[in-house]
Each structure stands twice: as C-alpha cells, then as structure tokens.
Amino acid sequence: PHHIACSAIMLTSCRSAAGSARQAAPKCHSARSVMSVRCFGGDSGNAHSAFEIGAKVKVIKSVKVFHVPKVSAELELEGLDGVITKNVVHYKGKLLSSNLPYVVQFLAPAKFNVHMAEDEIAAL
C-alpha cells in the first residue's frame with residue numbers, strides 16, 4: 001500500500017530588516033498569512049509541485065514588498081508577471097517544508113526576486 005502524509009499549518013510571516021540602534025522594533029517589510037498544506041508520499045515519494053522551474057506566472061493576490069532596487073516606497077506585486085527560478089522545497093535531495101517555496105524573478109521596474117506561496121501566483 002502507498003501512504004500519503006499531509007500537514008497543514010496557518011502561518012503569519014513578517015519580513016523585516018534589522019533595526020537600528022534608535023529603532024525599538026524592526027520595521028515589517030511585508031506581512032501575510034498563509035495556510036500551508038504539504039503532502040508527501042504516494043507513488044513517487046516526492047512533494048507535489050504545482051509549478052515547474054521556468055514557468056511564467058502572474059501574481060493574483062495582494063503582496064507588498066519593500067526591497068526592490070530603484071523603488072524607494074513599497075511595491076504592490078498583484079498583476080505583475082514573473083518567472084519561477086527556484087523551488088526551495090527540494091534541497092540537496094531532501095524535502096523541506098517552506099511557507100513561501102517558490103522564488104519568482106520579476107524584471108520590472110527592476111530585476112528582483114521574491115519568495116511566493118502557491119496560492120499567490122497563477123500560471124500564464
């Protein structure tokens with residue numbers, strides 16, 4: 001028989017930069033809540049991946065980031081197109097749990113990468 005194990009967890013993440021000596025708490029660079037469900041096992045024994053490396057995707061949810069070169073304010077990613085460059089669930093032959101497993105590269109307004117969840121992007 002084949003066994004499949006699944007786990008679900010609700011995570012709220014805050015991407016922050018290191019605070020200065022005068023700053024009491026680090027500034028939150030982007031915040032989001034994510035319901036993460038990962039399944040392992042079945043016929044192949046590998047984690048399911050909805051997107052392949054090199055797939056073109058569009059951001060379908062509101063995600064704001066603050067680390068984009070040449071942009072001094074926040075950047076809203078919803079509606080932008082990018083390319084999947086990495087899936088961090090697979091690392092040196094091991095399966096890892098990651099709440100933001102896909103690294104998506106965007107080219108406008110400058111070249112930058114963002115870790116994204118599966119429910120934040122859709123294939124083009």
Side-chain angles (χ1 to χ4, degrees):
H2 298 287
H3 299 282
I4 298 175
C6 294
S7 63
I9 186 168
M10 178 63 85
L11 302 167
T12 300
S13 62
C14 176
R15 297 177 186 172
S16 61
S20 66
R22 289 183 262 195
Q23 191 176 8
K27 181 180 177 182
C28 186
H29 279 230
S30 66
R32 60 179 109 182
S33 293
V34 176
M35 172 60 106
S36 178
V37 178
R38 298 283 181 254
C39 295
F40 303 94
D43 292 334
S44 65
N46 294 327
H48 171 72
S49 179
F51 301 101
E52 297 295 324
I53 305 301
K56 293 182 181 182
V57 295
K58 180 184 231 47
V59 180
I60 58 172
K61 289 195 173 180
S62 177
V63 177
K64 295 178 182 177
V65 294
F66 294 78
H67 69 284
V68 180
K70 301 179 185 176
V71 177
S72 59
E74 68 186 26
L75 178 65
E76 173 61 56
L77 300 180
E78 187 172 12
L80 291 181
D81 296 342
V83 176
I84 303 278
T85 58
K86 190 186 292 187
N87 181 348
V88 299
V89 171
H90 303 282
Y91 179 73
K92 294 186 178 180
K94 295 181 181 179
L95 294 175
L96 305 177
S97 65
S98 173
N99 58 338
L100 303 171
Y102 299 102
V103 178
V104 180
Q105 184 177 74
F106 299 95
L107 299 176
K111 186 175 177 180
F112 65 100
N113 295 318
V114 178
H115 286 258
M116 307 287 293
E118 190 172 307
D119 66 337
E120 295 173 328
I121 53 179
L124 289 177

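The figures that follow rest on heavy atoms only: side chains count, while hydrogens, waters and symmetry mates do not.
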Distance col, row N87:CG vs L96:CG, nearest 0.5 angstrom, shows 10.0 Å

For the pair V59 and E76, evaluate side chain to side chain contact (heavy atoms under 4.5 Å, CB included) and give the outcome as yes or no after the intermediate values.
-> CA-CA 10 Å; V59 180; E76 173 61 56; 5.9 Å; no

Not counting sequence neighbours, which residues clear salt bridge (Lys or Arg N to Asp or Glu O under 4.0 Å) with K86? List them please.
-> none

Here the pair of heavy atoms bringing L80 nearest to A108 is CD1-O, 4.3 Å

Separation of E118 CD from F51 CZ (nearest 0.5 Å) = 6.0 Å

Using a 4.5 Å side-chain heavy-atom cut-off and chaining through intermediate ILVMFWY residues, the residues clustered with V88 come out as V103

Closest heavy-atom pair and its distance - V68, P109 | CG1-CG, 4.2 Å

Non-neighbouring partners of Q105 that pass side chain to side chain contact (heavy atoms under 4.5 Å, CB included), sequence neighbours left out = T85, L107, K111, N113

Distance-minimising heavy-atom pair for P69 and A110 | O-CB, 3.4 Å

Separation of H90 NE2 from L95 CG (nearest 0.5 Å) | 6.0 Å

Heavy atoms of N99 and A117 approach each other most closely as O-CB, 3.8 Å

Partners of K61 by salt bridge (Lys or Arg N to Asp or Glu O under 4.0 Å), sequence neighbours excluded?
-> D119

Residues two or more places apart in sequence or in another chain: which of them pass salt bridge (Lys or Arg N to Asp or Glu O under 4.0 Å) with E78?
-> none

Considering only Ile, Leu, Val, Met, Phe, Trp and Tyr, and joining two whenever side-chain heavy atoms are under 4.5 Å apart, list the other residues clustered with L124.
-> none

Hey, can you tell me if F106 and F112 have their rings parallel, tilted or perpendicular (30° and 60° cut-offs)?
-> parallel

Please examine the side chains of M116 and I84, heavy atoms only from C-beta on, and report whether any two atoms are closer than 4.5 Å.
-> no

Is there a path of hydrophobic side-chain contacts, each under 4.5 Å between heavy atoms of I, L, V, M, F, W or Y residues, that connects V83 with Y102?
-> no

Mind checking side chain to side chain contact (heavy atoms under 4.5 Å, CB included) for I60 and listing every partner two or more places apart, or none if nothing turns up?
-> A122

